[in-house]
Every structure is written in structure tokens, then in C-alpha cells.
Protein chains: 2
Amino acid sequence: METVERLIRSTQELLWERGYVGTSPKAIQRAADAGQGSMYHHFTGKAELAKAAIERSGAELRAAAEEQLGGAGTASARISAYLGRERDVLKGCQVGRLAADPEVIADPDLRAPVAETFEWLRGRLAEVVAEGKRAGEYPDSLDPERTAATVAAVVQGGYVLARAAGSTEPFELAVQGLVDLMGAK
Amino acid sequence: METVERLIRSTQELLWERGYVGTSPKAIQRAADAGQGSMYHHFTGKAELAKAAIERSGAELRAAAEEQLGGAGTASARISAYLGRERDVLKGCQVGRLAADPEVIADPDLRAPVAETFEWLRGRLAEVVAEGKRAGEYPDSLDPERTAATVAAVVQGGYVLARAAGSTEPFELAVQGLVDLMGAK
DNA sequence: GTCTATAACCCGATAGAC
DNA sequence: GTCTATCGGGTTATAGAC
């Protein structure tokens with residue numbers, strides 16, 4: 001694999017685990033097996049490299065969500081598939097994790113790909129909910145935008161509760177509780 | 001205010017904003033207006049001080065939640081009051097924020113107060129849901145533990161989405177979506 | 001109980017050789 | 001394109017004076 005690719009992937013992994021504040025250029029170089037000069041030849045610094053890594057992670061999140069949300073079956077089945085798909089729950093969300101980082105949130109260039117990723121996710125979920133309403137799966141009273149935000153929040157919050165507990169159980173409970181609520185009409 | 005108190009409160013504030021990894025003893029000393037020697041006289045180091053600060057933040061979260069959850073009114077009204085109470089949404093949750101920090105999660109002494117806080121919250125929410133079931137507000141089919149986890153997750157996930165978006169809107173949508181779902185029977 | 005001095009190392013970046 | 005050297009500053013303490 002080329003150096004640039006190794007740098008981006010190593011940065012993705014470190015941002016996921018330690019955030020922007022907790023990730024040093026030296027750690028990236030070690031993980032990517034690249035020298036100091038090499039990293040600064042390809043990128044102007046930590047921020048530019050992080051931007052590339054966050055954009056990549058956002059694209060990966062969209063692709064993974066689209067696998068379930070764009071699949072076959074009823075709207076309800078696709079949302080349940082999205083909620084229930086295999087996840088490394090204790091590792092958390094590679095994009096959502098960055099919302100906790102003060103320097104990502106403070107820098108418009110770094111926050112933009114995070115914001116866009118969740119905007120896309122909420123919009124895509126809202127589309128599926130709207131389809132479900134048209135198919136008679138959900139009551140007319142259900143608001144697609146609100147429901148979409150709730151679904152995305154349960155996933156992100158489920159990660160938080162699971163990591164806090166050191167167990168995947170709270171994530172699974174939260175998701176199951178939401179599925180119960182969306183099934184009861 | 002005494003030095004120890006200033007140190008704990010400054011550490012709470014910095015952990016909230018920057019996490020454990022992003023908070024240095026020097027920054028704490030500056031914020032607390034305490035010298036190096038002073039800090040190390042009262043605490044063995046950063047970890048012990050952080051432990052005291054996290055325990056304090058956990059107690060504050062419990063007290064704030066109990067204000068709504070232990071108030072008057074129906075179960076449904078108390079849960080809505082909890083969800084809708086005034087929050088500094090873009091600042092996030094002072095306890096939930098720590099679930100993102102690798103060193104908090106890796107150190108049992110630091111993770112324990114985070115875990116206990118959310119265990120308490122989920123338990124307390126489950127009690128209120130169970131009361132609501134007995135009062136006929138919620139259907140018999142509703143599982144209190146699952147529902148409690150969903151409520152806690154929507155709040156934590158709402159913070160994540162709001163910080164990502166740079167706007168409180170996603171938080172409000174997610175909460176309203178949950179209230180809608182819990183009202184529809 | 002608080003001060004200053006010092007330790008050994010890491011931080012993010014730049015310079016210039018190769 | 002990658003290397004090593006260097007920069008000025010920060011990190012988490014420890015030591016010992018006051």
C-alpha cells in the first residue's frame with residue numbers, strides 16, 4: 001500500500017480510538033510506518049491529514065448504512081436491519097466519536113465532514129420512514145424528520161452507554177426499546 | 001473557596017470540555033489558580049484528581065435528573081420534563097463525554113463513576129416507566145429496562161448529533177420524536 | 001500548604017541534506 | 001519522496017526550600 005493510503009488509514013484508526021486531541025503526528029507515523037519528513041511531504045500537518053481521514057470515515061459510514069437502508073424489504077425491516085446490524089459496539093462510532101473532540105468542533109474544516117455525514121444519515125432515515133408511512137406501516141401522525149433523529153440518536157447514545165458500562169448490553173436494550181416503540185401503533 | 005474545591009471544580013470543567021486525554025495538570029492549575037506544588041500536595045496526580053471530579057459530576061447529574069424524575073405528575077409527564085429540561089446542548093453531557101475518552105475507559109478507577117452514574121439513571125428511568133405501566137399510562141407490553149435505555153440513549157445521542165451539526169436542532173428533533181413514539185399507543 | 005527548580009520526554013512543525 | 005537535526009514549547013511528575 002502507498003504511503004498516503006497508509007497515513008490516512010492509520011489516522012482514521014487513531015482518531016477513532018483517541019480522538020484528534022489524543023492523536024499525535026508521531027503516533028500516526030509509527031502506525032503508518034512512515035517517517036516525519038514523509039508525512040509532512042504529503043500533508044501540510046495534522047489537521048489536513050485528519051480532514052482526509054474524517055472524510056474517508058464519513059464515506060464508510062454512509063456506505064455501511066446504505067447497505068441496510070437501501071436493501072430489500074419493508075421500511076420497518078430495513079430500519080430494524082440498520083439498528084441490528086453487527087457493530088463493534090464497545091469501539092463506538094468512528095464519526096460520532098469526533099463530536100466529543102473540542103478541536104474538531106472548533107475547526108470548521110474538521111467539523112464539516114462530521115456534520116455532513118449525520119445530515120445525510122438523518123435525511124436517509126427520514127426517507128425510509130416516509131416510505132413506510134406511504135405503505136401504511138407507520139401511522140400518518142409519525143414525523144419522518146423527528147423519527148429519523150430519534151433513530152440516529154439511539155444508535156449514538158447506545159454507544160455512549162455501552163462504553164460507559166463496559167458492556168454491549170445497554171446498546172442492545174436501547175435499540176430493542178426503540179424497535180418496540182416503533183412497532184407499537 | 002478552598003484550594004481543593006477549586007481544583008476539583010476546574011478539573012470538572014476541563015474534563016467536560018476537553019476530556020481526560022486533553023486536560024493537563026498545568027491547565028488545571030491555571031484554571032484553579034493553584035500552584036504545581038499545591039496540586040501535588042492535595043492529590044497524587046492527574047488521575048486521582050480526575051476521579052474526584054468525575055464522582056462530583058456524576059452526583060450532579062443524578063441530582064439534576066432526580067429533580068424531574070422525582071417530581072410531581074404522571075410518569076409520562078416526568079419523563080417528558082426530564083427530556084425537555086433546559087440543557088446546554090452544545091456543551092454535551094459532562095459524564096457521557098467521558099465515555100469517548102480512551103484513558104477513562106481503560107482505567108477501572110476512572111470508568112467506575114461513569115458506569116455507576118448511567119446505571120443509576122437507567123434504573124431510575126425504568127422505575128418511572130414501571131410506575132406509568134401500573135397507572136395505565138403505558139401498555140403492559142412495554143419493557144421498562146429497554147425503554148429506560150432508549151430514553152437515556154436518545155439524550156446522549158442527541159448531544160452527539162447536536163454537536164456534530166453545530167446546532168441544538170437535532171437534539172430537539174430526537175427528543176420530540178421519542179415523546180411522539182412514547183405517546184402513541 | 002505552597003513555592004521554585006529540575007527531570008526526561010513528547011508536541012507539532014520546519015530546514016535542508018540526500 | 002524520505003531522511004535527520006533542530007526549534008520553542010508543553011507534559012507529568014519529583015525534590016527540596018520556605
Side-chain angles (χ1 to χ4, degrees), chain A residues 1-56 97-98 100-111 113, chain B residues 1-55 97-98 100-111:
Chain A
M1 208 188 302
E2 318 93 49
T3 303
V4 169
E5 185 65 19
R6 286 202 316 276
L7 283 166
I8 292 176
R9 294 198 192 177
S10 298
T11 304
Q12 280 185 277
E13 205 57 45
L14 283 162
L15 288 180
W16 194 348
E17 199 181 313
R18 302 191 51 84
Y20 184 79
V21 159
T23 297
S24 69
K26 184 175 238 178
I28 293 169
Q29 292 150 26
R30 203 183 311 125
D33 196 27
Q36 194 116 332
S38 186
M39 189 194 113
Y40 282 101
H41 173 73
H42 294 292
F43 297 92
T44 58
K46 174 177 163 176
E48 195 186 80
L49 180 44
K51 185 170 183 290
I54 297 171
E55 282 165 354
R56 177 77 65 89
R97 193 258 172 267
L98 299 168
D101 199 296
E103 300 191 10
V104 169
I105 294 310
D107 181 340
D109 282 354
L110 295 180
R111 188 172 65 75
Chain B
M1 206 188 302
E2 317 95 47
T3 303
V4 169
E5 186 64 18
R6 286 202 317 279
L7 283 167
I8 290 176
R9 294 198 192 178
S10 298
T11 304
Q12 281 185 276
E13 206 55 46
L14 284 162
L15 288 180
W16 194 348
E17 200 181 311
R18 303 192 48 85
Y20 184 80
V21 158
T23 297
S24 69
K26 184 174 237 177
I28 294 168
Q29 291 151 27
R30 203 184 309 126
D33 196 28
Q36 195 115 332
S38 187
M39 189 194 114
Y40 283 101
H41 172 74
H42 293 293
F43 297 92
T44 57
K46 174 178 162 175
E48 194 186 80
L49 180 44
K51 184 170 186 290
I54 297 171
E55 282 166 354
R97 193 260 172 269
L98 299 168
D101 199 297
E103 299 191 9
V104 170
I105 293 312
D107 181 339
D109 282 355
L110 295 180
R111 188 172 66 76

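Note that the structure is a prediction, hence the values are computed from the model and not measured. We name chains A, B, ... by the order of the sequence lines, and we start the count at 1 in each one.
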Got a sec? Which of residues 28-43 of chain B come in under 4.0 Å of DNA chain D, heavy atoms?
B/Q36, B/Y40
Rounding to an integer number of Å, can you tell me how far A/L7 CG sits from D/dT2 C1'?
12 Å
With side chains defined as the heavy atoms from C-beta onward, is the minimum distance between B/F43 and B/I8 less than 4.5 Å?
yes
Over how many whole Å does the gap from A/R6 atom CZ to D/dT2 atom C1' extend?
12 Å
Is there a side-chain polar atom (N or O) of B/T3 under 4.0 Å from OP1 or OP2 of C/dG1?
no
Salt bridge or not between A/E2 and A/R6? Use side-chain N to carboxylate O under 4.0 Å.
no
Do A/P25 and A/Y40 have side chains that approach each other closer than 4.5 Å (heavy atoms only, starting at C-beta)?
yes
Is B/K26 near enough to D/dT11 that one of its side-chain N or O atoms lies under 4.0 angstrom from OP1 or OP2?
no
Whole angstrom is fine here: how far is it from CD in B/E48 over to P in D/dT12?
16 Å
Charged N to carboxylate O below 4.0 Å: is that the case for B/E103 and A/R18?
yes
Student check: side-chain heavy atoms of A/I105 and A/D101 closer than 4.5 Å:
no
Is the shortest distance from a Lys or Arg side-chain nitrogen in A/R9 or A/E13 to a carboxylate oxygen in the other one below 4.0 Å?
no
A/S24 side chain N/O closer than 4.0 Å to the phosphate oxygens (OP1, OP2) of C/dC11?
yes
